[in-house]
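Because the structure is a prediction, the values reported are computed rather than measured.
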Protein chains: 2
Amino acid sequence: MEEKAQIQEAIKAQGEVVRLLKSEKASKDQIDEEVAKLLQLKARLGGDEGKHQYVLKTAKGTRDYNPKQMAIREKVFNTIISSFKRHGAETIDTPVFELKETLTGKYGEDSKLIYDLKDQGGELLSLRYDLTVPFARYLAMNKITNIKRYHIAKVYRRDNPAMTRGRYREFYQCDFDIAGQYDAMIPDAECLKIVYEILSQLDLGDFCIKVNDRRILDGMFAVCGVPDDKFRTICSTVDKLDKVPWEEVKKEMVNEKGLSEDAADQIGEYVSMRGGMDLAERLLQDQKMSQSKQACAGLSDIKLLFSYMHLFQITDKVVFDLSLARGLDYYTGVIYEAVLTQAGVAAVSSETQNGAAGEESVSVGSVAGGGRYDGLVGMFDPKGRKVPCVGVSIGIERIFSIMEQKAEASAEKIRTTEVQIMVASAQKNLLEERLRLVTELWNAGIKAEVMYKKNPKLLSQLQHCEESGIPLVAILGEQELKDQVVKLRVVATREELDIPRADLISEIRKRTSAA
Amino acid sequence: MEEKAQIQEAIKAQGEVVRLLKSEKASKDQIDEEVAKLLQLKARLGGDEGKHQYVLKTAKGTRDYNPKQMAIREKVFNTIISSFKRHGAETIDTPVFELKETLTGKYGEDSKLIYDLKDQGGELLSLRYDLTVPFARYLAMNKITNIKRYHIAKVYRRDNPAMTRGRYREFYQCDFDIAGQYDAMIPDAECLKIVYEILSQLDLGDFCIKVNDRRILDGMFAVCGVPDDKFRTICSTVDKLDKVPWEEVKKEMVNEKGLSEDAADQIGEYVSMRGGMDLAERLLQDQKMSQSKQACAGLSDIKLLFSYMHLFQITDKVVFDLSLARGLDYYTGVIYEAVLTQAGVAAVSSETQNGAAGEESVSVGSVAGGGRYDGLVGMFDPKGRKVPCVGVSIGIERIFSIMEQKAEASAEKIRTTEVQIMVASAQKNLLEERLRLVTELWNAGIKAEVMYKKNPKLLSQLQHCEESGIPLVAILGEQELKDQVVKLRVVATREELDIPRADLISEIRKRTSAA
């Protein structure tokens with residue numbers, strides 16, 4: 001009884017929270033979440049309100065995709081996969097869970113975000129956190145030293161979800177990687193060509209691809225007087241430059257990370273530099289920078305990369321940016337990141353302000369990123385044999401969000417089916433004739449529908465076409481059957497014309513050949 | 001020390017097991033599993049053999065798909081999805097995990113096979129066990145009363161894996177369902193039309209679709225004198241008739257389930273009946289059967305179903321089979337199952353002998369199954385509102401196995417990429433020219449590759465084409481560059497001809513238009 005009273009108290013308080021959020025016009029996601037809590041509390045009160053006390057929701061941070069979202073998703077995937085295939089990539093798939101130890105020691109602090117499975121006897125398992133570690137495990141396990149593959153699949157992170165801003169606990173990754181020992185910068189440049197193609201074809205507005213090299217960053221830190229053991233932590237501070245002004249970044253370096261003011265200022269000078277191949281050439285002549293062998297190796301490769309990118313005709317969107325650092329530890333060479341530069345889009349992705357972890361949040365408007373990681377496969381090989389790799393991950397969830405917003409804003413209706421024609425009748429008792437005709441169409445490969453009613457009204461058949469964007473209707477009536485014709489109606493123009501039954505299939509094909 | 005000695009002992013014993021299996025030429029899966037155990041034991045011995053002590057394997061009962069398997073998978077999916085789309089289906093997606101309570105009480109005894117996630121704070125979650133329960137949850141949650149949707153995704157069962165025979169713990173389901181209140185048997189017949197189309201187009205050999213109705217089974221049990229509370233358990237016994245002779249089934253009914261010998265014999269007479277619409281008509285006149293209202297309702301619907309299937313032109317493969325029972329509890333009307341009838345294929349699926357649980361294992365050679373379930377959505381609706389549903393699940397893993405075997409047996413090589421042309425050079429120092437040309441091709445939408453080497457040998461470039469089935473090679477040399485032509489080589493015939501550079505793209509399109 002005591003407990004019941006407590007729950008009733010909690011329900012009252014939670015009801016207040018929901019009312020408040022509604023009056024403040026809070027986001028739908030936020031309200032839904034609080035309503036779900038309210039329903040859960042009510043469910044705990046038990047049987048009073050009937051037998052159905054399920055809390056009808058998906059797990060926190062996850063969502064269903066409805067048919068409209070799936071149609072957008074399919075379109076985006078098709079564009080991306082076409083590009084991957086144009087560049088000769090194969091595809092693989094790996095299980096959604098891995099042995100827990102496979103993921104151990106790969107993600108540093110972010111390991112706390114890994115979903116573990118319950119120990120139900122047997123192996124200890126975790127849901128995959130990204131597609132890169134399973135890829136490296138796959139290469140080592142199968143002793144593969146050469147592959148160009150893409151992998152599109154869901155990954156899982158027990159992160160703080162921000163669903164209105166496109167951050168979920170279950171989300172797609174869309175990776176393209178080239179593994180193998182090749183001549184420098186050729187595969188790296190192809191990855192950037194692919195990013196360029198995909199972002200151009202998705203028509204998301206103007207974009208910019210930043211490139212840098214981990215060796216340049218490390219060399220720069222060295223010549224600026226950063227102690228060796230502070231490279232990684234200073235690197236993460238530099239990584240914040242796309243969201244935070246230099247003054248604050250400097251403050252963190254000096255006050256929190258204990259760097260000398262002088263070293264910070266020297267770094268500050270370098271990380272403000274942006275340019276192209278010319279900048280790489282200038283820095284190779286730079287008195288300080290040229291003292292670092294590492295930096296010189298990186299700068300020479302940047303020069304080479306630009307020469308290949310020039311041949312690939314993509315340099316108009318690429319900038320060599322010394323402030324690009326990227327979060328992940330495993331990069332060993334070139335790194336890059338693509339950013340949307342149109343104002344309207346940047347706002348969508350302002351989530352990155354609140355310190356989200358992981359590679360999805362490296363920059364406002366970041367929609368792709370990657371780099372070279374030559375050491376990861378060796379971590380899995382029993383003899384530590386390395387397989388050099390370079391790859392790119394397309395930030396597909398952010399792209400979905402943008403495409404969904406664009407679709408909502410546009411007048412154009414998104415179709416969720418590809419049906420070309422509806423087989424309808426204006427009179428009663430023609431179900432058999434409708435089924436006979438729709439069978440003819442299906443057997444000829446035409447996408448066709450028929451209403452599952454014996455005697456549907458013509459109006460409701462036409463309405464269904466309007467709603468789902470079906471362009472044509474084949475109308476059957478006693479007269480048409482006698483004349484061996486079909487009345488073909490064009491939904492958009494309401495034009496109607498009699499087509500001989502024998503010509504119907506070719507007529508449909510002709511009129512819907514674009515679809 | 002004690003423990004170390006024990007492990008060394010265990011390693012010795014396990015090594016013996018592996019040697020034995022190898023000498024007996026056991027299956028690769030079986031040997032791999034025992035080798036993995038051996039490696040795990042060795043890993044427990046620790047650091048002696050170096051720092052890399054990972055057990056390189058996927059989780060038990062799961063597998064990676066390599067590029068060849070993915071190519072087959074893609075082909076099968078395309079055939080299936082085309083059929084779903086031809087019939088006007090939309091698609092949805094749901095998260096890989098659900099609230100644990102969403103799955104509770106839906107699978108009876110098989111609930112023990114559900115994978116739970118570890119409680120890491122927050123909600124209790126489980127991996128989905130099938131796609132039907134998430135579909136019903138989705139309909140109820142979004143108050144959807146009409147939809148025709150397909151869903152292709154992986155599901156999870158902690159079952160005893162039998163990987164050589166295509167039974168995994170992670171596997172695809174491939175579902176098509178029609179939800180909504182419609183006139184009887186029209187959507188049901190369309191589901192069967194889809195099964196017919198898919199199995200014909202996949203070219204798996206001859207098949208047969210069995211149909212029955214839960215109401216006929218229940219009515220038959222009633223008129224044969226089975227007590228009401230034994231309907232379900234007798235039904236599961238009948239379900240074994242596709243693997244076990246009648247005598248054994250009868251024994252189980254009488255000895256284990258306590259049915260009278262007379263009742264069992266009456267059932268035995270009915271379940272041996274197979275036919276078409278004529279059988280349904282005869283049974284409607286059957287003195288005993290016609291006493292059951294339920295059975296009559298089912299029999300009338302079977303008649304109606306056959307009349308629609310006749311219009312859909314699929315009756316040549318359909319048989320009304322009173323022994324078809326199907327495992328799942330939630331069916332309320334028509335049930336069906338497609339079986340491959342060619343001997344060579346039936347052997348692949350003999351796994352079903354060892355009492356596997358769930359709908360995948362209902363029959364030797366079963367490759368699709370489904371039925372009507374009018375009550376499931378109501379279990380999720382707060383007010384118990386029902387949404388009638390009928391659907392079919394394609395047994396995709398079994399189809400993959402068959403297609404893989406067919407591919408291995410055939411001489412035809414499976415391509416894992418779609419590359420149309422390789423840009424090659426016979427002389428040194430032509431990397432830039434190769435990159436320039438491949439860019440032209442990519443920009444024109446041609447699928448093209450170039451080797452990531454500055455000076456690759458012509459032979460190794462041609463070998464790569466042979467190995468990966470690339471049909472054309474564009475060979476550049478000093479002479480060709482001067483003449484503004486490209487030497488186009490047809491890999492299959494070794495024919496070579498000079499094509500003016502300006503005509504190259506159209507020439508490639510012409511020669512690879514089938515691809």
Dump the intermediate steps for side chain to side chain contact (heavy atoms under 4.5 Å, CB included) on His464(B) and Ser460(B), then the final yes or no. CA-CA 6 Å; His464(B) 176 74; Ser460(B) 68; over 6 Å; no
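- Interface remark: Leu437(A) contributes no atoms to any contact with chain B (heavy atom separation under 4.5 Å).
- For the set Tyr182(B), Tyr452(B), Tyr138(B), the entry with the most heavy-atom pairs within less than 4.5 Å of chain A is Tyr452(B).
- With a 4.5 angstrom heavy-atom cutoff, Leu125(A) touches chain B only via side-chain atoms.
- Listed options Thr417(B), Val96(B), Asp116(B), Thr94(B) were ranked by heavy-atom pairs under 4.5 angstrom with chain A; first place goes to Asp116(B).
- Remark: Lys57(A) engages Glu123(B) in a salt bridge, criterion side-chain N to carboxylate O under 4.0 Å.
- Judged by a 6.0 Å distance limit and a 45° cone about the ring axis, Arg63(A) is positioned over the six-membered ring of Tyr168(A).
- Contact of Arg169(A) with chain B is not made at all, since no heavy-atom distance falls under 4.5 Å.
- Contact tally against chain B (heavy-atom pairs below 4.5 Å) for Lys154(A), Gln69(A), His87(A), Glu449(A): the top residue is His87(A).
- Options Met185(A), Arg137(A), Lys60(A) differ in how many heavy-atom pairs under 4.5 Å they form with chain B, and the most are formed by Arg137(A).
- Rounded to the nearest 0.5 angstrom, Ile81(B) CD1 and Ile152(B) CD1 are separated by 4.0 Å.
- Taking chain B as the reference chain and counting heavy-atom pairs below 4.5 Å, the highest number among Asn443(A), Asp119(A), Asn142(A) is found for Asn443(A).
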Please lay out, stage by stage, how Leu139(A) and Phe380(A) fare under the test side chain to side chain contact (heavy atoms under 4.5 Å, CB included). CA-CA 9 Å; Leu139(A) 295 187; Phe380(A) 286 102; over 6 Å; no
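- No part of Ile194(B) comes within reach of chain A, as not one of its non-hydrogen atoms sits under 4.5 angstrom from that chain.
- Contacts with chain B were tallied for Arg149(A), Glu197(A), Glu98(A), Glu432(A); Glu432(A) has the most, counting heavy-atom pairs under 4.5 Å.
- Aromatic ring centroids of Phe77(A) and Tyr172(A) lie under 6.0 Å apart.
- Under 4.0 Å is where a charged nitrogen must lie from a carboxylate oxygen, and between Lys193(B) and Glu190(B) no such pair does.
- The main-chain N or O of Glu90(A) is never found under 3.5 Å from a side-chain atom of Thr416(B) such that the two would form a donor-acceptor pair.
- Looking at Gln181(A), the atoms closer than 4.5 Å to chain B (heavy atoms on both sides) all sit in the backbone: N, CA, C or O.
- Interface residue Ile446(A): only backbone heavy atoms are found under 4.5 Å from chain B.
- Per-residue counts of heavy-atom pairs under 4.5 Å with chain A were compared for Thr62(B), Thr91(B), Val419(B); the largest is that of Thr91(B).
- Ranked by non-hydrogen atom pairs under 4.5 Å with chain A, the options Gly180(B), Ser468(B), Gly445(B), Gly122(B) are led by Gly445(B).
- For Ala71(B), no part lies under 4.5 angstrom from a heavy atom of chain A.
- Contact annotation for Ile314(B): neither backbone nor side-chain heavy atoms come within less than 4.5 Å of a heavy atom of chain A.
- Proximity to chain B is absent for every atom of Phe84(A), based on heavy atoms less than 4.5 angstrom apart.
- Looking at Ala189(A), neither its backbone nor its side chain comes within 4.5 Å of chain B, counting heavy atoms on both sides.
- Counting only distance, with no hydrogens or angles, the side chain of Asp64(B) and the backbone of Asn66(B) share no donor-acceptor pair below 3.5 Å.
- In terms of heavy-atom pairs under 4.5 angstrom with chain A, the leader among Arg158(B), Met451(B), His310(B) is Arg158(B).
- Contact annotation: the side chain of Asp188(A) never approaches that of Tyr308(A) to less than 4.5 Å [non-hydrogen atoms, C-beta and beyond].
- Taking chain B as the reference chain and counting heavy-atom pairs below 4.5 Å, the highest number among Glu440(A), Gln120(A), Lys454(A) is found for Gln120(A).
- If you measure heavy-atom distances from Leu127(A) to chain B, the contacts under 4.5 Å come from the side chain alone.
- Side-chain contact between Leu99(B) and Leu124(B): absent, with no pair of heavy atoms (C-beta onward) separated by less than 4.5 Å.
- Between chain B and the residues Ile186(A), Thr58(A), Ile144(A), Leu431(A), the largest count of heavy-atom pairs under 4.5 Å involves Ile186(A).
- In summary, the aromatic rings of Tyr115(A) and Phe97(B) are positioned with their centroids under 6.0 Å apart.
- Neither the backbone nor the side chain of Tyr196(B) comes within less than 4.5 Å of any heavy atom of chain A.
- Here the side chain of Trp442(B) pairs a donor or acceptor atom with the backbone of Ala448(B) at under 3.5 angstrom.
- When Lys85(B), Glu74(B), Arg436(B) are compared by the number of non-hydrogen pairs under 4.5 Å with chain A, Lys85(B) comes out ahead.
- One finds the OH atom of Tyr65(A) at 5.0 Å from the CZ atom of Phe400(A) (value rounded to the nearest 0.5 Å).
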